[in-house]
Number of protein chains: 2
Amino acid sequence: MKIQKTPSIRRMPTYLYKLMEIQEEGTVFVSTTILANYMGIEPIVVRKDLAITGVTGQSGVGYRTDELITSIRCFLGWNSTVNACLVGAGSLGSALLGYDGFENYGLNITTAFDTDLSKIGQKIHGREIFNFNNLPEMAEVLKLKLGIICVQRSSAQEVAEKLVACGIKAIWNFANVSLKLPPDVIVQREAIAGGFALLSVKIAQNSECGVE
Amino acid sequence: MKIQKTPSIRRMPTYLYKLMEIQEEGTVFVSTTILANYMGIEPIVVRKDLAITGVTGQSGVGYRTDELITSIRCFLGWNSTVNACLVGAGSLGSALLGYDGFENYGLNITTAFDTDLSKIGQKIHGREIFNFNNLPEMAEVLKLKLGIICVQRSSAQEVAEKLVACGIKAIWNFANVSLKLPPDVIVQREAIAGGFALLSVKIAQNSECGVE
DNA sequence: TAGATTGTTAATCGATTAACAATC
DNA sequence: TAGATTGTTAATCGATTAACAATC
């Protein structure tokens with residue numbers, strides 16, 4: 001199963017964030033010119049992106065801010081909520097638990113797990129850390145549909161398999177490994193090293209140009 | 001300045017990590033079949049990616065592991081070190097400070113800054129937190145070339161401008177905003193919401209297919 | 001020789017960009 | 001009417017995939 005329009009989809013949350021800001025200001029209509037200027041891209045790109053969601057605007061005016069927001073939310077499936085657990089309450093895990101933007105994404109991190117006894121029972125950003133061994137009992141009760149993996153590279157595969165064994169079919173993987181899981185499990189790997197690689201190449205290209 | 005081969009570049013660090021693992025095992029030659037299998041992609045993709053770095057392999061055998069590693073490192077500019085500072089020692093900042101993979105990327109986060117007086121003077125993962133107001137004096141002495149922004153959305157623009165004013169021309173932005181900076185400043189924005197958007201769409205597509 | 005793999009060339013596919021009529 | 005903007009259609013560009021000869 002190939003996913004298409006990846007670049008457009010990646011831009012959606014940025015539009016959404018800006019649009020919510022615009023809505024708070026009370027601005028009813030917004031044009032692709034404004035969004036493009038904010039993003040540092042061309043208006044035609046924004047127009048094509050928005051078209052994917054099925055929304056339509058008014059010639060000479062733009063799009064209704066509220067309609068756009070709804071439309072993007074629906075397209076991303078962020079209008080309904082999914083129950084998630086986070087495994088690995090280290091600093092990255094804490095950062096994610098503390099991120100208050102997730103409520104806008106329909107992401108409800110109800111529980112955090114760890115194996116470190118010194119962490120279990122403690123609270124991080126209002127959520128209690130549970131023993132990862134209790135996952136099987138808790139997964140069903142809490143109706144967990146998504147697992148967020150924030151453990152070390154070395155234990156990520158094992159954690160992923162246990163999540164899958166509990167019926168969790170979607171995984172957001174922040175560990176620096178490729179997970180081997182059954183084909184019906186949806187995995188999204190977040191590789192920040194990839195971002196740094198891009199930055200590095202930009203820097204290298206830039207200093208080349210400077211020399212010329 | 002457009003950057004090309006973005007998808008390939010993003011995959012490079014993943015190859016690199018796996019290759020280092022392979023090297024530690026003492027395996028001298030590695031084929032694109034092995035790398036492709038690890039990444040869950042096709043060998044031809046890996047071959048094209050590796051070709052970008054200029055490395056060549058041996059028909060029927062594969063590539064020398066050590067040559068591949070060197071080649072990817074050089075291509076990414078990770079063979080030399082860049083001094084970086086991190087601004088915003090919250091949980092995300094701490095996570096990055098604690099990430100020990102950066103030494104392999106030629107990234108040397110020498111300093112962390114914050115404005116929170118309760119954090120200043122403390123140490124996180126061995127690095128002292130300094131007052132952000134001291135940035136101008138310290139930037140030159142420490143030869144800072146890169147700034148990593150981990151502050152709240154609302155202060156990111158201001159922080160970025162101060163970094164640029166200190167001669168820092170490359171910024172890795174983890175705050176959830178588009179920064180408006182002079183065109184000669186290189187910015188890489190890390191938008192994890194984009195990753196979650198992709199995951200959400202995958203889930204949505206999957207449940208559609210399930211119904212059919 | 002047989003099997004595996006590289007690297008090149010061509011074909012396909014999808015994303016971005018350009019142009020412009022239609023609309024407010 | 002003039003200016004701004006949408007949405008469609010076509011053109012361009014780049015990335016992915018396929019095919020295969022050459023090589024070990």
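Letters A, B, ... mirror the listed sequences (proteins, then strands); counts begin at 1.
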Who pairs with B:Y105 by ring pair (Phe, Tyr, Trp, His ring centres under 6.0 Å), at least two apart in sequence or on another chain?
B:W78, B:F102
Output yes when at least one side-chain N/O atom of [X] is less than 4.0 Å from OP1 or OP2 of [N], else no.
X	N	result
B:T33	C:dA4	no
B:T32	C:dT6	yes
B:Y63	C:dG7	yes

Would you please test A:R47 and A:E42 for salt bridge (charged side-chain N to carboxylate O under 4.0 Å, His left out) and show each step?
CA-CA 9 Å; A:R47 228 143 68 220; A:E42 296 300 313; over 6 Å; no
How close or far is atom [atom2] of [N] from atom [atom1] of [X], stated in whole angstroms?
X	N	atom1	atom2	result
B:L50	C:dG7	CG	P	9 Å
A:E67	D:dT6	CD	P	13 Å
A:I34	D:dT6	CD1	C1'	14 Å

Determine whether a donor-acceptor pair (N or O, by modelled atom type, separation under 3.5 Å) exists between the side chain of A:R153 and the backbone of A:N176.
yes
Quick one, B:K202 with A:Q188, criterion side chain to side chain donor-acceptor pair (under 3.5 Å). Give me CA distance, side-chain angles, the key distance, then yes/no.
CA-CA 9 Å; B:K202 282 185 203 167; A:Q188 171 68 26; 3.0 Å; yes
Hey, could you give me each pair passing salt bridge (Lys or Arg N to Asp or Glu O under 4.0 Å) that has a residue in residues 163-172 of chain B? Not counting sequence neighbours.
B:K169-B:D184
Could you list the donor-acceptor pairs under 3.5 angstrom formed by side chains in residues 83-95 of chain B, with sequence neighbours left out?
unit_1 : atom_1 : unit_2 : atom_2 : d
B:N83  : OD1    : B:N108 : ND2    : 3.1
B:N83  : ND2    : B:L142 : O      : 3.4
B:S94  : OG     : B:G90  : O      : 2.8

Sugar-phosphate or base contact per nucleotide [nucleotides 15-24 of chain D; S, B, -; heavy atom under 4.0 Å]:
SSBBB---BB
For DNA chain C, list all stems, counting runs of three or more consecutive pairs where every pair is Watson-Crick or G-U wobble with both distances under 3.5 Å.
C:3-24 with D:3-24
Result of checking A:T111, A:D116, A:I124 against A:I129 for side-chain contact (heavy atoms from CB on, under 4.5 Å)
A:I124
Which pairs with one or both residues in residues 24-36 of chain B pass side-chain hydrogen bond (donor to acceptor under 3.5 Å, both in side chains), sequence neighbours excluded?
none
